[in-house]
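Here's the structure we're looking at; comments come further down.
Every number for a ligand or one of its atoms is a count from 1 in the order of the listing.
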Amino acid sequence: MPPIEGSYPVGMPGIIAHYRDYLPVTENTPLFSLGEGFTPLVHARWLGDELGLDHLYLKNEGQNPTGSFKDRGMVLAVAKAIEDNAEAIVCASTGNTAASAAAYGALAGMQVIVVIPRGNIAIGKLAQSLHYGAKVVAAAGNFDDALRLIREITERHKVTLVNSVNPMRLEGQKTGAFEVCDALRRAPDYLAIPVGNAGNISAYWAGFKQYRERGKVNGLPKMLGFEAAGSAPIVENRIIDHPETLATAIKIGNPASWDKAVAARDESGGVIESVTDEEIVDAYKLISRLEGIFCEPASAASVAGVIKMVRAGRLESSAHIVCVLTGSGLKDPDTAIARAAGVLETAATIDSVEAALGWAEAPEPVLAGAR
Ligand code: F0G
């Protein structure tokens, strides 16, 4: 591997360097990194107690450099683009892929163009993409329209596509499965994961299989994929023309990796099912309140699905279950605030603050709406 020419995180290997023997890297692939990967696998004791599960784990991918799991695949896709002397990278995105492409593209000194569904991406993701310096095109359509447009752009112009149809993306993302096995020193019994464009479930499955082939683990998990109920093409086995869900990250009606996800489900003996927005929001709130982990709504689909299966008696209490929390809650402050308890507004006096907290009698006059 050539030495790094640009900036790099000192003392952190990055996933390319750490898992190079498991990835399609060559002697020309740069050791490129923003410090992605090595995210915590949290043994969720409080949530586990609530659900009657002894070994429930949360893989907190929100702790990646741009706040989502996308960084694992993007670092490799962009490193390969550097190797190929690419000048521009492009993608369609519900927001996280865009933010990740914009960040790694900035580090690589490349032009980045992202096409997003107008009005349908969380504000934090848009802020990131713009600040990392990407050209952001907001098309008046949904994600599936954006992907169609970006595919046409790659046919007409000399640019590198970094959506998960780029095989390097899935190669990088499978390192999430390696880390789960490295932390548990075994494969989990179940791996629960949100499904949107269906790349991540396919990548994790490939990672688990590769780790078993190399003798790092003996078993394989059953893959549990969860789509949002209004955007569940795989569950309904038909393209959804107008997908709907508050979890905008997975608001996708025609996933690019559909067949791979179905293969992951069937080969592993798992399921792909759907969870409603209400179930997603309940799980989203529970994870932050019980475990101190603030994930984005789409991420909570993994936990929502596990909750649903546990309540139906479909998961054993002794099973090792890993839920992937794909992105940070800070990405989507609008949904967070809309679903949160209100703030206590008070006058700037100690009496008013204590009254608002219920620690003292209200002084006169109390501000309207203070309690
Ligand atoms: N969770 C989050 C937070 C996501 O951003 C995505 C996908 C998924 C889950 C689903 O993963 O597509 O591999 O099945 N976001 C893409 C994007 C589509 O453009 O950022 P998937």
Tell me which protein heavy atom sits closest to [atom], plus the residue, atom name and distance to 0.1 Å.
atom	answer
atom 12 (O) of ligand 1	N197 N, 2.7 Å
atom 5 (O) of ligand 1	N96 ND2, 2.8 Å
atom 20 (O) of ligand 1	T97 N, 2.8 Å
atom 18 (C) of ligand 1	T94 OG1, 3.4 Å
atom 8 (C) of ligand 1	I250 CG2, 3.6 Å
atom 11 (O) of ligand 1	F69 CZ, 3.5 Å
atom 1 (N) of ligand 1	T326 OG1, 2.6 Å
atom 13 (O) of ligand 1	N200 N, 2.7 Å

query: Does A198 come within less than 4.0 Å of ligand 1, judged by its heavy atoms?
result: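 The answer is yes: ligand 1 sits under 4.0 Å from a heavy atom of A198.
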Ligand 1 contact by I252, heavy-atom criterion under 4.0 angstrom: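 In this structure, I252 qualifies as a contact of ligand 1 - some heavy atom is under 4.0 Å.
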Results of ring-ring contact (aromatic ring centres under 6.0 Å, His included) for F208 - residues two or more places apart only: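 ring-ring contact (aromatic ring centres under 6.0 Å, His included) check on F208 returns nothing, list empty.
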- request: May I ask you to check whether D71 and T66 show a side-chain donor-acceptor distance below 3.5 Å?
  value: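 Indeed, the side chains of D71 and T66 share at least one donor-acceptor pair under 3.5 Å.
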message: Assess, by modelled atom type and distance only, whether the side chains of T245 and D277 contain a donor and an acceptor separated by less than 3.5 Å.
response: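 Present: a donor and an acceptor within the cut-off.
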Short side-chain to backbone donor-acceptor contact, N64 and G67, under 3.5 Å: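 No, because the side chain of N64 does not come within donor-acceptor range (under 3.5 Å) of the backbone of G67.
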Main-chain N/O of P221 paired to D189 side chain as donor or acceptor, under 3.5 Å: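 Flag not set: sc D189 to bb P221 has no pair under 3.5 Å.
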message: Run the side-chain hydrogen bond (donor to acceptor under 3.5 Å, both in side chains) test against E354 and tell me which residues pass, sequence neighbours left out.
response: none
query: Does some side-chain heavy atom of L315 sit less than 4.5 Å from a side-chain heavy atom of Y190?
result: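 Yes, close enough: below the 4.5 Å cut-off.
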query: So which bit of K70 gets within less than 4.0 Å of ligand 1, heavy atoms only: side chain, backbone, both or neither?
result: side chain
message: Hydrophobic cluster membership, with links at side-chain heavy-atom distances under 4.5 Å among I/L/V/M/F/W/Y: are V136 and L149 in one?
response: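 No, because V136 and L149 fall into different hydrophobic clusters, even though each may have its own neighbours under 4.5 Å.
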field: Nitrogen or oxygen of S93 less than 3.5 angstrom from that of ligand 1
entry: yes
